[in-house]
Amino acid sequence: MASTSLEYNGAQVTNFLNSQRAKFEQFAGNTRAFADSIAEMAEALVGIEGQEQTEAAMLAINELLDTEAEAKAYGAALTAVQNSYVLGERTTNFKKDLDQHAARLLPSLRQQPEMKQYYQDVTQRLEIEDEAAQQQDDDDIKIQMGGSNTGAAPNATCPLSGKPILELEDPVEDQKGYVYERENIEEYVRAARGSVACPAAATSHFVNMATLKKANKVIRLQRKAQRLGTQGQTQADDDIVDVE
């Protein structure tokens with residue numbers, strides 16, 4: 001079967017390559033947005049659905065990041081092909097050229113610091129741990145419920161509201177790991193109009209809005225405490241015997 005060749009002028013080729021590059025760039029952006037959505041859903045389910053589902057979410061995110069790298073590689077390959085293309089008598093095999101350029105670019109794109117940092121940040125947000133760490137979390141919850149401190153934070157209670165950290169509605173932590181109720185610490189910092197000494201006793205560091213972030217470990221412990229409480233109530237219900 002005879003092969004079919006198509007003839008284009010230089011402007012047509014350039015426009016085509018530009019349009020394809022834009023599509024790959026858009027696709028790369030969409031994959032990151034999709035990864036963000038999976039991370040947010042997985043974060044909401046941490047401590048509820050279990051470690052297996054969290055690890056499945058991380059696997060999906062890893063595959064999406066790999067797809068993003070491939071899309072970026074082909075986008076960059078299209079630029080390289082366009083820059084090296086010379087209109088002439090020679091037939092250009094664009095697919096072969098693109099595949100070769102993309103193959104050379106892909107390894108470095110997969111190792112981009114920004115992409116690796118994104119994966120590490122998501123892993124930290126989801127607190128991927130082994131079974132021993134999960135058991136330690138359960139022990140920490142029981143200790144905290146008994147009124148003692150845990151490894152979740154240096155403080156057992158918010159120094160401003162006095163609430164135990166597992167009872168905070170919106171826990172945040174500073175750069176030293178001290179945990180607060182968001183509303184209280186933000187009001188405390190705003191009143192100082194800048195950096196202010198940590199309100200916890202026996203501390204010397206300063207706190208400002210930029211140093212505050214979500215207290216992910218405390219949030220995870222709160223969710224696990226809720227799950228353990230639900231399981232305990234279910235067991236208690238099962239133990240009830242209806243005696244007439």
Side-chain angles (χ1 to χ4, degrees), residues 1-46 49-130 175 208-214 216-217 219-220:
M1 182 176 180
S3 60
T4 302
S5 62
L6 300 175
E7 294 184 1
Y8 296 95
N9 60 39
Q12 288 175 313
V13 171
T14 298
N15 290 338
F16 174 76
L17 294 176
N18 281 333
S19 67
Q20 294 303 305
R21 182 175 66 250
K23 290 179 181 179
F24 275 109
E25 290 172 353
Q26 181 181 15
F27 182 72
N30 289 342
T31 56
R32 179 62 65 91
F34 194 20
D36 287 340
S37 297
I38 292 178
E40 289 175 4
M41 288 188 290
E43 187 175 9
L45 295 175
V46 169
E49 292 296 326
Q51 188 77 359
E52 183 177 345
Q53 285 77 8
T54 302
E55 291 175 353
M58 288 305 303
L59 179 61
I61 290 171
N62 188 54
E63 292 176 351
L64 282 168
L65 291 178
D66 193 59
T67 300
E68 178 186 336
E70 290 183 16
K72 287 182 176 179
Y74 274 94
L78 281 161
T79 299
V81 169
Q82 180 179 338
N83 291 338
S84 62
Y85 174 73
V86 177
L87 183 63
E89 297 296 328
R90 183 180 68 87
T91 300
T92 302
N93 188 332
F94 285 110
K95 184 179 185 308
K96 180 180 178 181
D97 289 349
L98 284 172
D99 288 343
Q100 290 176 345
H101 280 291
R104 287 194 293 268
L105 293 166
L106 188 55
S108 61
L109 287 170
R110 282 175 171 157
Q111 296 301 317
Q112 276 187 322
E114 184 275 334
M115 193 168 289
K116 294 174 70 176
Q117 185 62 50
Y118 176 85
Y119 188 83
Q120 291 173 3
D121 289 345
V122 173
T123 301
Q124 184 177 12
R125 281 165 56 192
L126 300 183
E127 295 283 355
I128 306 299
E129 298 177 335
D130 56 23
Q175 71 274 27
N208 57 53
M209 292 296 189
T211 63
L212 297 175
K213 62 181 182 179
K214 289 176 63 175
N216 287 321
K217 185 169 184 179
I219 292 171
R220 189 183 72 249

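Small disclaimer: the values here were computed from a predicted structure and weren't measured.
- Thr67 OG1 to Glu70 CD: the interatomic distance, rounded to the nearest 0.5 Å, is 5.5 Å.
- Here the closest non-hydrogen pair linking Ala76 and Leu105 is CB-CD1, 3.6 Å.
- Listed here is the closest heavy atom pair of Thr211 and Asn208: OG1-O, 2.8 Å.
- Residues Gln117 and Asp121 bring a donor and an acceptor atom of their side chains to less than 3.5 Å of each other.
- Closest of all the heavy-atom pairs between Arg21 and Thr79 is CD-OG1, 2.9 Å.
- Atom CZ of Phe27 has 12 or fewer heavy atoms from other residues, nucleotides or ligands within 6.0 Å.
- Inter-residue side-chain proximity for Ile61 and Phe34 is flagged as unmet; no heavy-atom pair is nearer than 4.5 Å.
- Ion pair Asp36/Arg32 not flagged as a salt bridge, since none of the NZ, NE, NH1 or NH2 atoms sits closer than 4.0 Å to an Asp/Glu carboxylate oxygen.
- With a 6.0 Å radius and a threshold of 12 heavy atoms from other residues, nucleotides or ligands, Tyr118 has its OH atom above the threshold.
- Atoms OG1 and NZ, on Thr31 and Lys72 in that order, are 8.0 Å from each other to the nearest 0.5 Å.
- Considering all non-hydrogen atoms of both residues, Leu109 and Met115 come closest at O-SD, 4.0 Å.
- Atom CZ of Arg110 and atom CG of Leu65 lie 11.5 Å apart (nearest 0.5 Å).
- Contact record, Glu68 with Ala28: CG-O, 3.7 Å, taken as the closest heavy-atom pair.
- Rounded to the nearest 0.5 Å, atoms CZ (Arg104) and CG (Asp99) are 11.0 Å apart.
- Residues Ala39 and Val122 come closest through the heavy atom pair CB-CG1, 4.0 Å.
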